[in-house]
Amino acid sequence: MLPDQKSAVVTRLQKAGRIVAMAGDGVNDAPALAVAEVGIAMGTGTDVAMESAGIHAVAGRPRRHRARPPSVAGRPWATSAKTCSSPSSTNSAGIPIAAGILYPALGLLLSPMTAAAAMALSSVSVVGNALRLRVTRL
């Protein structure tokens, strides 16, 4: 197809209410890459195609790329949930016990030093959990 024919096809699909992704690597793909909602330029392509597209694929062949949005998006969310749940549960139980809430009924009292150590360890777990994202292979 000629460049204007490619961009016409993209425009026609958009007018029909579709969201269009276009992949290309040459000068003749640049107009359609610029018009599409998602333009993907192959890494072996021309500079014009790279400038027109919003996404640059490093390898020249699309089959080498595997889309992994769910895993990429899910990991930070899961790590945040783990990061928040552990210290929250430790602190919500440890602070009232250290304050003496169970002492009248059960005679149970947590020393403030033990409570402070638990809070410090929870801070270490927060930092350690967050640092796991740096070494996670996406």
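Shown here for V10 and A32, the closest heavy-atom pair between the two residues is CG2-CB, 4.0 Å.
The structure places CZ of R12 at 11.5 Å from OG of S7, a figure rounded to the nearest 0.5 Å. The CG atom of L109 sits 9.5 Å away from atom CG of L102, with the distance rounded to the nearest 0.5 Å. Between R18 atom CZ and E37 atom CD the span is 12.0 Å, to the nearest 0.5 Å.
Hydrophobic clustering of Ile, Leu, Val, Met, Phe, Trp and Tyr side chains at less than 4.5 Å, counting indirect connections, keeps L121 apart from M119. Residue V20 is not grouped with residue V38 when hydrophobic side chains (ILVMFWY) are merged at heavy-atom distances under 4.5 angstrom, including chains of intermediate members. Residues L106 and L110 share a single hydrophobic cluster, defined by chaining ILVMFWY side chains whose heavy atoms lie under 4.5 Å apart.
Side-chain contact check for K6 versus M22: some heavy-atom pair is nearer than 4.5 Å. Between V35 and T11 there is a side-chain heavy-atom pair separated by less than 4.5 Å. Looking at heavy atoms from C-beta onward, V9 lies in side-chain contact with M1 at the 4.5 angstrom threshold.
Counting heavy atoms of neighbouring residues, nucleotides and ligands inside a 6.0 Å radius, atom CD1 of I101 does not exceed 12 of them. Counted within 6.0 Å of CG on L2, heavy atoms from surrounding residues, nucleotides or ligands total more than 12; the atom is thus considered enclosed.
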